[in-house]
Amino acid sequence: MDNVTIERMNYLIKVLDEASYNYYVLDDPKITDQEYDAYYRELETIEKLHPEWVLDTSPTKKVGGEVIDEFKKVEHTIPMMSLGDVFNEEEIIDFLKRIENSGVHSNYICELKIDGLSVSLLYEKGILVRAATRGNGIIGEDITHNVKTIKSIPLKLKQPLDIEVRGEIYMSKDTLEKLNKERLAKGEKPLQNPRNAAAGSIRQLDSKIAAKRNLDAFLYHLPNPLDYGIKTHHEALEFMKSLGFKTNPNNKIVKNITEVMAYIHEKGNIRNTLPYDIDGVVIKVDNIKDQQTLGYTARTPRWAIAYKFPAEEVLTKLNDIIFTVGRTGKITPNAILDPVQLMGSTISRATLHNEDYVLKKGLMINDTVSIRKAGDVIPEVVEAKLERRTGKEIPFKMITNCPICNTKLIKKEGEADYYCPNINCPARHIESFIHFVSRPAMNIDGLGERLMEDLYNFKFISTIPDIYRLKDKKDSLTKLEGYGEKSVTNLLNAIEVSKSNSLERLLFALGIKNVGKEKAKILAKKYRNIASLSKASYEELTDIPDIGPIIAKNVVNYFANDDNLKIIEELKDLGLNMEYIGEELNLNEDFLDKSFVLTGTLTKLSRDEAKSLIENAGGKTVGSVSKKTYAVIVGDNPGSKYDKAKELNIPIWTEEKFLEKINN
């Protein structure tokens, strides 16, 4: 091959980068696909002959190939905040009035709200060094290996800048359709919507898989524009575009509520014709200094809002109305529907709330009904289609007895809900399940009260060990109200992770009477495993500091019960850890043998996490401020403990100072 030189390689890279910029960013191709392919093949040949010349920013790196073991956590230097949502014109007007009443009179930028996943891109000297998900806004996950495969995201900028930009990764409708055809041909389950498909693609450990998914991205935010002499948001968008980033051509400067609403109506009308999914419109104050004046709440900017389009509706058949019992005894009617696809989810059930709700809507069994997602999340039965009635419909009738224990229901005066008054009703056992999965116990994220009630009432679980058998019912779980495949997968993963919890969490979760978190930890540390604890005598237990005669008796009685032992044995067989793992102590002289009080809302840690850090450093937390308190750690909106600390002249630490001390 002629002309195999490093100069030729650099020339080819320049030509291909410029071609990609024209094609993906400007939507104005300057060379044909055949020319691009010829240049690309030539570059590949040179790189194979001289691997020592290959650059990390070469266009050939877009094909993927890097495989990672896990996604590493990364901290955002500037938090990635979410936007507040509004759902109607009145709320948009209120938002704009609040801005004007604050003295700000700026233009606005209207942008399409792309239905994808947020990404932060970090460049050093113009080279992409890190891409991360939003995560919780403070901590995200490193997805650099997959983001490098996205053709519209440059590996090298047109200027050698240190810069961070943010945007949205998405999958086009055409790409999803093509991908699903390929999956069906292989006998694989199709992906339900572009957003889920994009999120699943970006979370592949093998970047070759992500590369084949043909993801795309729009950039829409520069976190620190003033550092680059930029004074408005639309200037920031133009600046990012000049560096090589793809911005959305539908962004528009508007001046008032009339123009905002005109933009929303226009884009809502063409929503289905766009090559990608959008679920709303974002409205931002254009002037950067005005943005700073307006500032932020704890979670959202005050200078931007996201308007969500009204939920789409579909028709299906109401096959039955069944009744479930909550942990308080509350009776809830539920619609059993012909399964139907709605905004990427399969819907087969929806809550009907109470008798009044059903009667007001005039619903009958066998009706054709319209379904929508309230706030694009929770399925809602909107109405019965009266014109479709055939005479085979069955009128709704409220039950008079509990569907679980057959006790006669009661209805309190002035309330819409019926209740089962039987405190021994088996449905009330749901309380113990809710406790078992709660954050201080087994900490199974996603298993909230509502879902636990559904799992019990719909016969998914009847005992605590059944929680760990839910993985065998994944297909059925995806049909529950508000739960798609991704949510169920995340839930099952959280259940699996909980198996490795240390013994003290399991002891607390089992609900042994009077054994709270602290006592559970004392017992776990003392006996190290559940087998040893189960054999402990009353006398041994009362000899342990902080374990009194009542707790000792309750522990002995618990392990003397064969039903309890059977549950423990089942949990052990299902793979739950029965040993005390504990946490390695990291003694710190700033905390050793000192007492601390926590008050207010911490932003980077939960209260339990902060407490655990203090204990591992050798300190302890107490509930009230006294002269013996070493320091009070304050978060947002601290209460009376903060005032008490000032009164007693107790040192007050911010969360930042606390973390600095801990890290020392």
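Each residue takes its place number in the sequence, starting with 1.
In terms of modelled atom types and a separation under 3.5 Å, the side chain of R439 and the main chain of D445 share no donor-acceptor contact. Remark: the backbone N or O of M81 is paired with a side-chain donor or acceptor of R134 at under 3.5 angstrom. Panel note: side chain N564, backbone Y558; a donor-acceptor pair is recorded below 3.5 Å. The backbone N or O of S498 sits less than 3.5 Å from a side-chain atom of N501, completing a donor-acceptor pair.
No side-chain heavy atom of N248 sits less than 4.5 Å from a side-chain heavy atom of E111. Looking at I530 and L510, their side chains come closer than 4.5 Å, going by heavy atoms from C-beta outward. Considering only heavy atoms from C-beta on, W653 stays 4.5 Å or farther from V634 through its side chain. For the pair E655/D636, no side-chain contact is recorded, criterion being any heavy-atom separation below 4.5 Å from C-beta on. No side-chain heavy atom of L541 sits under 4.5 Å from any side-chain heavy atom of I551. The shortest side-chain heavy-atom distance between N251 and Y220 does not fall under the 4.5 Å cut-off.
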Pair K73-E141, salt bridge (Lys or Arg N to Asp or Glu O under 4.0 Å): steps then yes or no: CA-CA 5 Å; K73 303 292 184 185; E141 289 184 318; 3.5 Å; yes
Chi angles and distances behind the side chain to side chain contact (heavy atoms under 4.5 Å, CB included) call for L226, Q292: CA-CA 11 Å; L226 295 178; Q292 293 182 330; 3.3 Å; yes
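Separating the CD1 atom in I278 from the CG atom in L112 is a distance of 4.5 Å, to the nearest 0.5 Å. Taken from CD1 in I153 to CG in L121, the straight-line distance is 5.0 Å, to the nearest 0.5 Å. Rounded to the nearest 0.5 angstrom, E91 CD and Y307 OH are separated by 9.5 Å. Here the straight-line distance linking atom NE2 of H76 with atom OG1 of T133 works out to 6.0 Å at 0.5 Å rounding. To the nearest 0.5 angstrom, K641 atom NZ is 7.5 Å from S624 atom OG. Distance CG/L161 to CG/L243: 5.5 Å, rounded to 0.5 Å.
Remark: the S532 side chain and the N529 side chain contain an N/O donor-acceptor pair separated by less than 3.5 Å.
Note: F508 and H435 have perpendicular aromatic rings, judged against thresholds of 30 and 60 degrees for the angle between ring planes. Using the six-membered ring where Trp is involved, H221 and H233 have ring planes that are tilted, between 30° and 60° apart.
Between K620 and E615, no side-chain nitrogen of the basic residue sits less than 4.0 Å from a carboxylate oxygen of the acidic one, so the salt-bridge criterion is not met.
With sequence neighbours excluded, the residues that form a salt bridge (Lys or Arg N to Asp or Glu O under 4.0 Å) with K611 are E518. With sequence neighbours left out, the side-chain hydrogen bond (donor to acceptor under 3.5 Å, both in side chains) criterion links E415 to no other residue. By the salt bridge (Lys or Arg N to Asp or Glu O under 4.0 Å) test, K594 pairs with no residue at all, sequence neighbours left out.
Ring pair Y123/F245: centre-to-centre distance below 6.0 Å.
With respect to Y630, the ring pair (Phe, Tyr, Trp, His ring centres under 6.0 Å) criterion is satisfied by exactly one of F591, F596, F658: F596.
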